[in-house]
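Worksheet: one structure, shown below.
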Amino acid sequence: MEKRRSFIKDLLQSTEVDRDVNVKGWVRTKRGNKQVAFVAVNDGSTINNIQVVIDIANFDENIVKNITTGASVNVNGLLVKSVAQGQNVEIQAKEIEIYGTADPEKYPLQKKRHSLEYLREIAHLRFRTNTFGAVFRIRHAMAFAIHKYFNDKNFYYLHSPIITGSDAEGAGEMFRVSTLDIENPPKGEDGTINFTEDFFGKETNLTVSGQLEAELGATALSNVYTFGPTFRAENSNTPRHLAEFWMIEPEMAFYDIHDNMDLAEDMLKYLIKYALDNCMDDLKFLENRLLEEEKNKPQNEKSEMKLIEKLEFILKGNFERLTYTEAIKVLENSKPAKKGKFQFPVEWGIDLQSEHERYLVEKHYKKPVILVDYPKNIKAFYMKQNDDGKTVRAMDILFPGIGEIIGGSQREEDYDKLSTRIKEMNIPEKDMWWYLETRKFGTVPHSGYGLGFERLMLFVTGMSNIRDVIPFPRTPKNAEF
Ligand code: 4AD
Ligand code: MG
């Protein structure tokens with residue numbers, strides 16, 4: 001069986017027929033009769049299967065019997081034009097080898113549709129479904145497009161550390177990294193744990209953000225971005241939060257908040273266009289999947305736009321830009337506020353809840369919204385302070401169905417203002433000396449933002465739970481696989 005392996009994606013597009021080919025993959029379905037079997041094989045290169053036609057008389061009985069859903073096969077055969085609908089070509093099998101059988105009695109993936117909840121429990125096998133094949137091919141395409149976007153714009157990919165001694169967001173939601181004996185840690189005279197004996201000689205955690213290190217890079221390389229895993233020990237069991245998620249954090253010297261918003265909007269549109277241009281088969285599948293799912297929903301819960309239409313819609317117009325203060329006025333004058341329908345009451349100074357964000361985006365403006373100038377008390381220490389003494393140059397981008405997809409700001413470049421704010425917020429200055437030094441030597445106005453990669457994936461795929469757009473989700477009480 002020594003023919004070079006072809007990917008099914010390439011064969012399905014091929015016009016060169018009547019030639020010998022080899023495919024390797026997993027059986028999705030088998031049907032037929034006593035004379036002939038039609039086997040759908042998938043190798044992950046595309047959502048589409050190739051049909052392998054088996055003339056049963058020519059094959060060992062055991063081989064044919066063992067070709068069941070989930071089995072892995074190596075097929076040599078003739079690529080021919082197909083008369084069947086929905087496919088241009090098929091393979092007339094000449095030789096078949098089975099790498100691994102999959103006992104139909106025990107194989108957890110049956111032909112029927114499984115619930116996403118069930119598939120999460122078998123995340124080691126869910127890649128083999130159409131849905132997850134589509135999601136993870138798109139995830140790859142989005143990661144690739146992010147690197148392409150920034151590379152083409154003269155940004156450098158900077159690897160920020162995963163283990164850190166500082167809390168970039170100051171929210172105290174960190175996972176400790178330690179090699180101390182937790183049963184019997186070394187203690188000082190006052191009874192507190194002596195971290196000087198720990199691996200790094202100090203307290204360390206998994207990073208919540210690569211921003212602070214990206215800022216250091218931007219003050220020499222001008223434009224940098226990080227793209228890595230970040231960790232948050234917040235106990236948020238929602239369809240939009242993960243304890244381990246991937247974040248893209250560009251940081252740009254000489255950018256003010258407006259340049260920052262322009263870049264973020266342009267990047268999001270680029271990524272969505274990239275998906276439309278490169279992932280159409282998978283998007284169409286996911287769109288149909290959603291339509292199926294919505295059939296059982298009441299009319300008022302059905303989405304107004306289909307998935308692809310929704311993606312195209314984002315490309316058409318500009319995002320709405322307004323201040324936090326203006327947004328609060330809109331919310332205060334809204335129907336749900338007047339009727340007491342918001343779970344969390346609206347007043348200036350609150351951290352906007354998902355219900356507020358979604359009202360602004362989905363009901364009021366009906367398009368993505370960028371809010372700027374948030375109250376300084378609800379934002380991180382590093383944001384540039386406005387002259388009003390109350391607000392900072394923060395920006396959040398809110399998306400339909402998602403809420404916050406991007407959070408960012410112009411950074412405080414003034415040494416005195418920054419160090420005063422660090423003191424006010426009780427952030428240990430000894431952990432921040434290196435960050436402060438960039439404001440002492442050749443400081444520049446600069447800005448940046450963080451895009452939650454899985455939030456982007458939720459939007460692009462139309463999936464509704466963040467656990468379904470990352471291969472192996474980490475959430476409270478869950479780190480299986
Ligand atoms: O708004 P956040 O916390 O901002 C930062 O971390 C800044 N350091 C970014 C920067 O300016 N460089 O997080 C940024 C984005 C959010 O808008 C959201 O999309 C995503 O990260 N995010 C999460 N995604 C999944 N699970 C979580 N627990 C998330 N927390 C934030
Ligand atoms: Mg945020």
Side-chain angles (χ1 to χ4, degrees), residues 142 146 150 155 158 160 164 166-175 206-218 223-252 255 257 259-261 263-264 267-268 271 324 351-354 356-357 361 368-372 374-375 378-384 392-399 401-412 435 446-460 463 465-470 473-476 478:
M142 290 294 89
I146 283 160
F150 285 119
F155 278 65
L158 192 84
S160 48
T164 161
S166 56
D167 180 357
E169 293 304 302
E173 293 167 332
M174 317 248 284
F175 289 101
L206 294 178
T207 190
V208 295
S209 157
Q211 176 195 324
L212 303 188
E213 290 84 0
E215 284 188 54
L216 311 182
N223 294 335
V224 300
Y225 70 103
T226 70
F227 185 176
T230 46
F231 307 86
R232 298 199 183 174
E234 52 184 335
N235 207 351
S236 308
N237 235 326
T238 81
R240 278 181 280 279
H241 286 88
L242 289 164
E244 175 180 297
F245 64 98
W246 288 66
M247 185 155 49
I248 297 94
E249 295 184 276
E251 195 67 36
M252 296 74 65
Y255 267 50
I257 191 75
D259 303 323
N260 205 25
M261 288 191 274
L263 183 75
M267 179 201 67
L268 287 169
L271 296 176
Y324 168 93
D351 209 352
L352 295 182
Q353 300 293 323
S354 164
H356 307 134
E357 296 176 341
V361 173
V369 169
I370 314 184
L371 296 185
V372 284
Y374 279 74
I378 57 170
K379 289 290 183 187
F381 69 93
Y382 50 70
M383 296 190 180
K384 185 174 175 64
V392 286
R393 301 241 86 176
M395 63 167 217
D396 277 5
I397 302 191
L398 315 178
F399 252 47
I402 309 288
E404 179 188 339
I405 194 166
I406 280 182
S409 75
Q410 188 167 337
R411 317 305 189 191
E412 184 55 77
Y435 184 72
H446 64 289
S447 300
Y449 59 83
L451 166 67
F453 189 48
E454 287 76 20
R455 302 251 174 115
L456 171 77
M457 281 298 299
L458 281 177
F459 186 75
V460 172
M463 299 297 284
N465 194 310
I466 201 161
R467 292 164 180 78
D468 297 330
V469 295
I470 187 165
R474 300 292 178 248
T475 50
N478 168 41

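Because the structure is a prediction, the values reported are computed rather than measured. For ligands, and for the atoms within them, numbers begin at 1 and follow the listed sequence. Each residue takes its place number in the sequence, starting with 1.
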Ignoring hydrogens, just give me the one of Y225, F245, F399 whose non-hydrogen atom is nearest atom 27 (C) of ligand 1.
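Checking each option, the heavy atom nearest atom 27 (C) of ligand 1 is found in F245.
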Check whether [X] reaches the backbone of [Y] with its side chain - one donor and one acceptor, N or O, closer than 3.5 Å.
X    : Y    : value
N260 : G448 : yes
R455 : R240 : yes
E454 : I470 : no

Nearest neighbour in protein (non-hydrogen) for [atom]:
atom                    : answer
atom 18 (C) of ligand 1 : R455 NH1, 3.5 Å
atom 20 (C) of ligand 1 : G452 CA, 3.6 Å
atom 19 (O) of ligand 1 : I405 O, 2.8 Å
atom 17 (O) of ligand 1 : E404 OE2, 2.6 Å
atom 15 (C) of ligand 1 : G450 O, 3.6 Å
atom 3 (O) of ligand 1  : R232 NH1, 2.8 Å
atom 26 (N) of ligand 1 : L242 N, 3.0 Å

Which of the numbered atoms in ligand 1 are under 4.0 angstrom from any heavy atom belonging to [X]?
X    : value
R240 : 25 (C), 26 (N)
R411 : 10 (C), 11 (O), 12 (N)
Y382 : 7 (C), 8 (N)
G407 : 1 (O), 9 (C), 10 (C), 11 (O), 17 (O)
M247 : 6 (O), 13 (O), 14 (C), 15 (C), 21 (O)
E249 : 7 (C), 8 (N), 9 (C), 10 (C), 12 (N)

Please tell me if the side chains of F453 and F245 come closer than 4.5 Å, counting only heavy atoms from C-beta onward.
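Not in contact.
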Return yes when [X] approaches ligand 1 closer than 4.0 angstrom through a heavy atom, no otherwise.
X    : result
E169 : yes
E234 : yes
G408 : yes

Considering only N, O or S atoms, which atom of E404 is nearest to the Mg ion (ligand 2)?
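Looking only at N, O and S atoms of E404, the one nearest the Mg ion (ligand 2) is named OE2.
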Take E215 and Y382 through the side chain to side chain donor-acceptor pair (under 3.5 Å) test and state the conclusion after the steps.
CA-CA 11 Å; E215 284 188 54; Y382 50 70; over 6 Å; no
Metal site the Mg ion (ligand 2): N/O/S of D396 inside 2.8 Å
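Checking the Mg ion (ligand 2) against D396, no N, O or S atom falls under 2.8 Å.
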Indicate whether any N or O donor in one side chain lies under 3.5 Å from an N or O acceptor in the other, for S236 and T238.
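On atom types as modelled, these side chains do not qualify, holding no pair under 3.5 Å.
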Please report whether the ring centroid of F231 lies less than 6.0 Å from that of F175.
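No, the ring centres sit 6.0 Å or more apart.
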